[in-house]
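Residue numbers count from 1 along this sequence.
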Amino acid sequence: MNVKQRTIKEPVSVSGTGLHTGEFVTLTFNPAPEKHGYKFRRVDLPGQPIIEADCDNVTDTSRGTTLTQNGASVSTVEHVLAAMVGLEIDNVLIDVSGPEMPIMDGSSIQFIDAIEAMGFTEQEADREYYHIPYNIHYTEPDRKVEMVAMPLDTDYRFTCMVDYNSQVLGSQHATISTIAEFKKEIASSRTFCFLHELEALLKHDLIKGGDLNNAIVVVDKEVDEEELAHLAKLFNRKDISVAPQGILNNIELRHQNEPARHKLLDMIGDLALVGVPLKGHIMAARPGHAANVAFAKKIKTLIKKERSRKHVKVYDPNMKPVYDTVQIMNILPHRPPMLLIDKILELSKTHVVGLKAVTMNEPFFIGHFPGAPVMPGVLQIEAMAQTGGILVLNTVPDPENWLTLFLKIENARFKDKVLPGDTLIFRCDLVAPIRRGIAQMKGIGMVGEKIVVEAELMAQIVKYK
């Protein structure tokens, strides 16, 4: 049974202070249509620009994950996105009244509680998972970061290990065997920092919204009463001390391994930037925002490659043609050696497929190149154009009285050599309806499953008889 996409039932808002900017911000989660994905809308800016939750839009990972698009940015998005993944929401538009997500209590739980109280709506479209096909590795040897995504068709599983070479924090592990465990096991785990980091951030005014209620502070150095008193004054506290667990006594740990669980939370949020729900087992050692985003980009690149291959139909060169060579010559004015199409395999109102059998007897191989014959790229484009010409001339009742003149060729790319013995198959698709005799087409040339050439073509049909 296919799982359906879902969104939230009604808009719901939460408010709080941005950790780094100190600005009071309101987030409003809005229902969104199928295949919308996760998007942020800066409602405080002119034009209310949209920012897509996409790893290609990441512009900073220094103190959280920042996205930038359409001249606008939103930062510290990872906790919000982790909540969306944990709730298995596919489509949501998130209005934000400032440049940063509110830090809330430093975890995802308050976002989850607010949305769950409002409820969900199942949509008609199926959820389209990407199943990790084989082990995908990412490493950063200098920071001892290791990440791997492994095949697991049944669910989305995570294992995370952190080791900061700290006697206080030590080595910690966290894991969930299914994304359904996120709310109970991971969502309430708060962000953490080391005391020396906190002091540096305070000195440079980089945590204007910082409060000891929304972070675990790991005491990784000797501190005296004077320093503790100074911290208490900064955070408007009567007093602060070091708890037996080696953290400031501002809060109690919700889990013994809460830092590792929060790193797992961050990883789930950052990997949401792949753009599709995943099925697989993600294992990571010492992850951080920069590594998470780099890993997300690697997975997204693999998805794009696989999807482009899926859109390439493999044609049988021996199938009965719509037009053979003689019939093509009744439509096109070209003649050998400039007739570069042997068959038309498919023809509709919006697309055409043509075939060129490349033999060693082609006249251009005499000079291109002796000893290393390669079909010239310009002739590949010409063959593509002739294929497209059949599509365009199919729109008039007397094609033999018309010519196809090409007005523009753009974005031509040659991806591999075409050699004697290859069967070159072209497909041209209209990208817009033909108007005033002007046709715009996208063309590709394939040898087997491999695309060897592609280009965008514009042509005009004119009467010449």
Side-chain angles (χ1 to χ4, degrees), residues 19 53-67 75-86 101 106-108 130 132 135-152 155-166 168-179 181-182 185-194 197 215-216 218 220 255-275 277-302:
L19 174 63
D54 188 308
C55 54
D56 292 334
N57 291 332
V58 174
T59 51
D60 188 22
T61 55
S62 56
R63 298 188 306 276
T65 300
T66 298
L67 302 170
S75 60
T76 324
V77 299
E78 58 274 10
H79 301 171
V80 172
L81 293 177
M84 298 302 101
V85 176
M101 303 297 103
S107 75
S108 293
Y130 177 69
I132 301 296
N135 288 1
I136 305 168
H137 295 271
Y138 176 81
T139 60
E140 292 181 10
D142 55 329
R143 291 196 285 185
K144 298 182 179 180
V145 175
E146 296 180 71
M147 306 180 79
V148 59
M150 299 178 290
L152 180 69
D155 218 307
Y156 196 22
R157 182 178 299 171
F158 280 85
T159 302
C160 177
M161 184 275 285
V162 296
D163 183 359
Y164 290 90
N165 196 27
S166 163
V168 176
L169 192 58
S171 178
Q172 293 188 358
H173 291 77
T175 185
I176 55 174
S177 58
T178 169
I179 198 65
E181 296 176 356
F182 177 81
E185 301 294 337
I186 303 299
S188 64
S189 299
R190 294 156 297 186
T191 190
F192 68 96
C193 68
F194 292 96
E197 294 174 326
I216 301 164
V218 179
D220 58 337
H255 307 277
Q256 181 273 330
N257 62 339
E258 191 168 348
R261 293 184 190 225
H262 185 80
K263 279 295 181 182
L264 196 154
L265 184 156
D266 281 346
M267 190 164 56
I268 291 174
D270 287 333
L271 290 182
L273 299 173
V274 170
L278 302 174
K279 290 280 191 183
H281 185 181
I282 311 296
M283 298 185 68
R286 306 169 190 86
H289 293 300
N292 295 342
V293 171
F295 195 38
K297 288 183 177 181
K298 189 168 186 177
I299 295 172
K300 182 184 175 182
T301 298
L302 178 62

(message) Could you check whether any side-chain N or O of Asn257 sits under 3.5 Å from a backbone N or O of His173, counting only pairs where one atom can act as donor and the other as acceptor?
(response) yes

(request) Output the distance between atom OG1 (Thr191) and atom CG (Asp266), rounded to the nearest 0.5 Å. (result) 6.5 Å

(request) Would you check, one step at a time, whether the test side chain to side chain contact (heavy atoms under 4.5 Å, CB included) holds for Thr65 with Leu81? (result) CA-CA 11 Å; Thr65 300; Leu81 293 177; over 6 Å; no

(request) Starting at CG of Leu152, measure out to CZ of Arg157 and round the result to the nearest 0.5 Å. (result) 5.0 Å

(request) Looking only at non-hydrogen atoms, find the nearest pair between Gln172 and Ala260 and report the distance. (result) OE1-N, 3.2 Å

(message) So Val274 and Tyr130, do their side chains get closer than 4.5 Å, heavy atoms only?
(response) no

(request) Measure the CZ-CD1 distance between Phe158 and Ile268 for me, rounded to the nearest 0.5 Å. (result) 4.5 Å

(message) So which atom in Pro287 and which in Cys160 form the shortest heavy-atom distance, rounded to 0.1 Å?
(response) CG-SG, 3.7 Å

(request) Return the set of residues passing salt bridge (charged side-chain N to carboxylate O under 4.0 Å, His left out) with Glu78 (not counting sequence neighbours), or none when no residue passes. (result) none

(request) Would you give the length of the straight line joining atom OG1 of Thr175 to atom CG of Leu264, rounded to the nearest 0.5 angstrom? (result) 7.0 Å

(request) Determine the minimum heavy-atom distance between Ser108 and Ala82, stating which atoms define it. (result) OG-CB, 3.9 Å

(request) For Glu181, check salt bridge (charged side-chain N to carboxylate O under 4.0 Å, His left out) against everything at least two apart and list the hits. (result) none

(request) State whether the side chain of Glu258 and the backbone N or O of Arg190 hold a donor-acceptor pair below 3.5 Å, judged by distance alone. (result) yes

(request) Of all the heavy-atom pairs spanning Asp155 and Ile179, show the shortest one and how long it is. (result) OD1-N, 3.4 Å

(request) Assess the side chains of His262 and His255: does a donor N or O sit below 3.5 Å from an acceptor N or O? (result) no

(request) Starting at CD1 of Ile282, measure out to OH of Tyr156 and round the result to the nearest 0.5 Å. (result) 5.0 Å

(request) Please examine the side chains of Leu271 and Val85, heavy atoms only from C-beta on, and report whether any two atoms are closer than 4.5 Å. (result) no

(request) Kindly give the heavy-atom pair with the smallest separation between Ala291 and Val145, and that separation in Å. (result) CB-CG1, 3.7 Å

(request) Name all residues meeting the side-chain contact (heavy atoms from CB on, under 4.5 Å) criterion together with His137; count only those two or more places apart in sequence or in a different chain, and write none if there are none. (result) Asn135, Val148

(message) For Arg261 versus Ile186, what's the shortest heavy-atom pair and its separation?
(response) O-CG2, 3.5 Å

(request) Please test Met150 against Met283 for side chain to side chain contact (heavy atoms under 4.5 Å, CB included), starting from the C-alpha separation and ending with a verdict. (result) CA-CA 8 Å; Met150 299 178 290; Met283 298 185 68; 3.2 Å; yes

(request) Can you sort out the partners of Thr66 under side-chain contact (heavy atoms from CB on, under 4.5 Å), two or more places apart, ordered by chain and number? (result) Thr59, Asp60, Thr68, Ser73, Ser75

(request) Identify which one of Thr61, Val58, Thr76 satisfies the side chain to side chain contact (heavy atoms under 4.5 Å, CB included) criterion when paired with His289. (result) Thr61

(message) Just verifying a value: how many Å separate Met161 CE and Glu146 CD, rounded to the nearest 0.5 Å?
(response) 7.5 Å

(request) For residues Leu302 and Ile132, determine if any side-chain heavy atom of one lies less than 4.5 Å from a side-chain heavy atom of the other. (result) no

(request) Enumerate the residue pairs fulfilling side-chain hydrogen bond (donor to acceptor under 3.5 Å, both in side chains) with a member in residues 291-300, sequence neighbours excluded, ordered by first and then second residue. (result) Asp54-Lys300, Asp56-Lys300, Asp270-Asn292

(message) Can you confirm whether the side chains of His281 and Thr159 place a donor and an acceptor under 3.5 Å from each other?
(response) yes

(message) For a 4.5 angstrom cut-off between non-hydrogen side-chain atoms, does Met147 reach Met267?
(response) yes

(request) Report the residues that fulfil ring pair (Phe, Tyr, Trp, His ring centres under 6.0 Å) with Phe295, sequence neighbours left out, ordered by chain and then residue number. (result) none

